[in-house]
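Quick notes on the structure that follows.
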2 protein chains.
Amino acid sequence: MRLPAPAFRESVAPGSMVDVRRSNLALVLGAIAGSDPGLHPTRAQVSAATGLTKASVSSLVLDLLEAGLLRELGLTARGERGRPGVGLALNTLRAVMGMEINVDYIAAGVLDLSGTILFKEVRECDNRGAQPDSVLAELALLAARARSTVGEQGVEVVGGGLAVPGLTGPGRARILAAPNLGWTDVDLDLGALLPEAPLVVSLFNEANAAALAELRHRPGDDADFLFVSGEVGVGGGLVVGGELFTGPAGNAGEVGHVVVDPGGNRCSCGGTGCLETVAGQDAIFAAAGLPPGTGRSAAMRSLLDALAGGNAQARAAVERAGTHLGIAVASTARVMDIGAVVLGGHFAVLDEWLKGPLLAGLARYAPGRVADGDVTVAAAGEWGAVLGAAGSALRSLVDAPYLLQE
Amino acid sequence: MRLPAPAFRESVAPGSMVDVRRSNLALVLGAIAGSDPGLHPTRAQVSAATGLTKASVSSLVLDLLEAGLLRELGLTARGERGRPGVGLALNTLRAVMGMEINVDYIAAGVLDLSGTILFKEVRECDNRGAQPDSVLAELALLAARARSTVGEQGVEVVGGGLAVPGLTGPGRARILAAPNLGWTDVDLDLGALLPEAPLVVSLFNEANAAALAELRHRPGDDADFLFVSGEVGVGGGLVVGGELFTGPAGNAGEVGHVVVDPGGNRCSCGGTGCLETVAGQDAIFAAAGLPPGTGRSAAMRSLLDALAGGNAQARAAVERAGTHLGIAVASTARVMDIGAVVLGGHFAVLDEWLKGPLLAGLARYAPGRVADGDVTVAAAGEWGAVLGAAGSALRSLVDAPYLLQE
DNA sequence: CCCATATAGTTCAGGCAATAAACTAACTGC
DNA sequence: GCAGTTAGTTTATTGCCTGAACTATATGGG
């Protein structure tokens with residue numbers, strides 16, 4: 001059984017026994033959440049996995065059952081010697097919602113506490129330059145529909161997360177800048193998305209959320225990787241020790257603005273020669289001699305067709321993007337001491353043509369640091385941001401189950 | 001009174017009341033360590049600052065006194081109404097030692113728990129290609145001398161840290177690679193440096209240690225900055241939220257190997273166009289048309305003379321280094337979301353000529369991110385690594401005072 | 001000089017959380 | 001049906017923090 005995330009919370013406040021209780025509630029819940037799917041651990045197994053005594057586990061499990069976070073299954077291990085234990089599982093009648101606002105769509109998805117997807121819906125719409133309030137209202141409608149749909153099966157949504165393509169913070173309810181939406185300094189009323197949900201809705205950068213989704217698909221606890229997502233811009237998310245690294249103000253991971261070509265073009269961020277100016281969607285299309293697409297799937301298809309058809313200009317454009325991606329990853333890998341890369345967005349779609357140049361770039365600029373097998377394609381696909389935002393709410397809940405007590 | 005660093009330790013082990021005790025011991029000790037120098041807080045003030053009751057503080061302080069971490073001063077606040085309190089201070093008869101092995105010297109320094117420097121000594125010697133064991137033995141002699149010197153005043157050294165110019169880990173007692181020493185995969189017997197000291201000696205990268213020293217000189221608790229140190233190579237240390245960011249394997253912050261010139265020269269690390277190939281000492285001297293120095297002070301003086309004398313080639317070399325340093329810092333700032341830079345090593349010495357090009361580079365490659373006033377020169381100077389290594393031991397002690405109990 | 005007032009620090013009963021050990025519960029296998 | 005085995009609960013104990021009462025030590029006014 002996998003041991004769960006760190007238990008004791010950092011604090012400058014005096015510690016007392018309620019902290020011990022909270023820490024151990026998280027420890028128990030984490031042990032159950034992290035057990036292999038399908039294997040529903042018993043109190044005795046949780047006791048062995050966590051090091052807590054059976055008595056303590058019993059008491060903690062009781063609290064978690066009362067909080068509605070766990071449920072008891074039937075007796076397990078029939079056929080073995082001795083009294084069979086009672087299997088414990090996360091309560092699948094509790095759920096979290098992931099939401100996303102992007103350039104040309106809004107989306108919502110509901111995951112139950114075990115991580116099963118209960119609901120998924122996208123609404124295509126053009127949000128470029130749209131009023132934040134109206135987009136948020138639209139999303140609230142979508143969220144309400146999602147909630148009532150799962151509600152019919154008795155599932156309660158207790159919290160969620162929202163992913164947006166831009167810089168967030170401070171205070172986790174504000175978009176500082178979302179250039180592709182044309183939004184600047186927008187305060188969001190996140191509470192309106194899930195009215196009366198017991199937990200707050202938190203805000204994420206889209207690439208950070210997608211990185212979190214990737215984290216759930218990784219084996220092991222101490223994942224370390226750089227997630228790089230190719231979109232109109234180039235986003236990134238850093239996962240260090242199984243945690244999203246957000247930096248002091250919450251906007252770490254902006255790999256798209258690592259300088260890869262000091263003598264290069266001006267970037268939308270005001271800088272020069274950023275990765276985005278070479279490997280962003282518009283840059284690749286321009287270099288490939290293709291018109292920039294409005295709906296991203298259609299445009300991407302034309303690029304893929306060109307590549308498959310042996311179009312030299314298209315191949316050169318992607319190769320150039322790959323090499324420069326290699327430079328950015330090499331620099332980031334050295335600064336962050338990270339040795340694995342996950343490709344998302346169009347980088348995932350272009351994997352076949354991109355990976356060679358990327359590995360060549362890595363070999364040239366940071367030899368011996370990122371092995372071939374350490375460059376992988378995002379598992380979560382297009383739903384990464386939604387699933388990551390939801391998954392993050394899931395994880396906060398597992399790490400702080402006391403929030404749902406009483 | 002400043003509140004101290006986070007108290008509750010992260011843990012995957014069951015929490016119990018001893019964790020509460022340890023956390024609160026650290027809270028109390030941290031409050032006293034973090035109080036303004038000269039102001040020795042009383043139990044009542046500690047109680048107010050931490051939120052612990054007077055009863056708890058009394059009990060915790062008693063433990064800390066018995067562990068030899070605190071001492072009581074005379075009565076304070078005479079002249080005020082009411083019973084005067086007893087001032088508490090860190091026990092200045094306990095101390096930690098910072099040590100450094102570098103290319104052309106070894107050094108040791110002793111700090112008492114209040115941070116006062118009690119002893120400082122450098123021994124010049126050429127460690128290039130020397131046997132690690134013999135260098136360590138030499139350092140152990142220096143450490144022993146330091147210990148007996150402060151010992152004569154009744155000061156006991158309880159722990160320490162060692163800084164080395166190379167990559168460390170895993171396990172914090174191993175040098176993976178120290179190119180300028182010619183060392184690879186060296187296991188260090190750190191215990192031999194401070195025999196019978198109750199706390200272990202920890203190992204740091206030199207630039208990381210210097211970054212920690214810088215942290216002590218910063219006002220406020222939540223410092224975030226990138227420390228960049230120019231030596232033969234270019235080292236770096238990342239401080240995020242008042243903590244050294246070490247990355248998954250302990251070697252984050254290697255700003256020297258950020259790619260700043262994709263078409264540039266081969267680096268000693270095997271990469272291409274790393275910052276080090278432009279802004280390392282050898283690179284600057286070569287570009288300036290000066291012979292690479294053996295003793296660094298002498299060589300640096302000739303460069304400074306050339307700069308002051310208006311030598312155009314020397315100025316161009318430093319300007320080039322500054323601009324490219326700007327590129328590396330711009331990339332790092334975006335990835336790590338950091339907005340302040342501290343210059344150390346020869347970057348500090350060359351500040352006058354370097355800062356202009358550096359700021360210009362930052363303005364070009366990451367506009368609006370690092371303000372002019374956010375680029376500062378290291379306060380700790382040449383002793384940064386030693387002071388940082390010692391300071392880190394100090395901090396571990398304040399964060400985990402229970403280690404010295406019994 | 002004495003006493004009111006104010007603040008510092010200690011003592012003590014109470015509550016809570018984890019532990020260990022004893023106990024009850026439920027199943028297998030002979 | 002009973003021994004053996006494992007699951008989970010009950011109970012006594014320990015340790016730590018809290019709040020309130022208490023002691024200690026100062027100032028200052030009459």
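Here is how names work: the chains are called A, B, and so on, in the same order as the sequence lines, proteins then strands, and each is numbered from 1.
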Exercise for the section: Could you state the atom-to-atom distance from CG of B/L25 to P of D/dC17 in whole Å? Expected result: 8 Å
Problem - Phosphate OP1/OP2 of C/dT19 contacted by A/T53 side-chain N/O (<4.0 Å) - result: yes
Practice task
Starting at atom CE of A/M17, determine the distance to atom P of D/dT13, rounded to an integer number of angstrom.
Solution key: 19 Å
Practice task
Could you work out which one of D/dT18, C/dT10, D/dT25 sits closest to the side chain of B/P84?
Solution key: D/dT25
Handout entry: Contact under 4.0 Å: B/T42 side-chain N or O vs C/dG9 OP1/OP2
Key = yes
Fill in the blank from the handout: Between CG of B/D19 and P of D/dG15 the distance, given in whole Å, is 15 Å
Problem - A/R43 CZ to C/dT19 P, straight-line distance once rounded to whole Å - result: 17 Å
Completion exercise
Winner on side-chain proximity to B/R21, out of D/dT9, C/dG9, D/dC17, is D/dC17
Practice task
Name the nucleic acid region contacted by A/A55, choosing base, sugar-phosphate or nothing; use a 4.0 angstrom heavy-atom cut-off, strictly under.
Solution key: base
Practice task
Answer yes or no: is there a donor N or O on one side and an acceptor on the other, between the side chain of A/E66 and the main chain of A/D63, under 3.5 Å?
Solution key: no
Problem - Separation of D/dC16 P from B/Q405 CD (nearest whole Å) - result: 9 Å
Practice task
Return yes if some donor-acceptor pair links the side-chain N/O of A/D19 with the main-chain N/O of A/S16 below 3.5 Å, else return no.
Solution key: yes
Fill in the blank from the handout: note: B/L88, atom CG; C/dG9, atom C1'; distance rounded to Å ~ 11 Å
Handout entry: Under 3.5 Å: donor-acceptor pair, side chain of A/S35, backbone of A/I32
Key = yes
Exercise for the section: Measure the distance from NZ on B/K54 to P on D/dT23 and round it to the nearest whole Å. Expected result: 14 Å
Practice task
From the options C/dT10, D/dG8, C/dA18, select the nucleotide whose nearest atom is closest to the side chain of A/L60.
Solution key: C/dA18
Problem - Proximal nucleotide (of C/dG9, D/dG19, D/dC17) relative to the B/V86 side chain - result: C/dG9
Problem - Passing option when B/L27 is tested against B/L52, B/V57, B/V46 for side-chain contact (heavy atoms from CB on, under 4.5 Å) - result: B/L52
Practice task
Would you mind reading off the bend of the helix from C/dC1-D/dG30 to C/dC30-D/dG1 from its two end axes, five pairs each, to 10 degrees?
Solution key: 20°
Problem - Any A/R81 side-chain N or O less than 4.0 Å from OP1/OP2 of C/dA26 - result: no
Problem - Point-to-point distance, once rounded to the nearest 0.5 Å, from CG of A/D112 to CG of A/L93 - result: 8.5 Å
Problem - Side chain B/S59, main chain B/A55, donor-acceptor under 3.5 Å - result: no
Handout entry: Candidates D/dA7, D/dG15, C/dA8 - which lies nearest the side chain of B/R83
Key = C/dA8
Problem - Atom-pair distance (CZ on B/R22; P on D/dG15), nearest Å - result: 14 Å
Practice task
Give a yes or no answer on whether the side chain of B/E243 reaches the backbone of B/V240 with a donor-acceptor pair at less than 3.5 Å.
Solution key: no
Problem - Most 5' of A/S59 and B/S59 on DNA chain D, judged by nearest nucleotide - result: A/S59
Exercise for the section: Using modelled atom types only, decide if a donor and an acceptor are shared between the side chain of A/S47 and the backbone of A/R43 within a distance under 3.5 Å. Expected result: no
Problem - Distance test, side-chain N/O of B/S16 to OP1/OP2 of C/dA17, below 4.0 Å - result: no
Fill in the blank from the handout: Among the nucleotides C/dG9, C/dG15, C/dA18, whichever has the atom closest to the side chain of A/V20 is C/dA18
Handout entry: Phosphate contact (D/dC17 OP1 or OP2) by B/N24 side-chain N/O below 4.0 Å
Key = yes
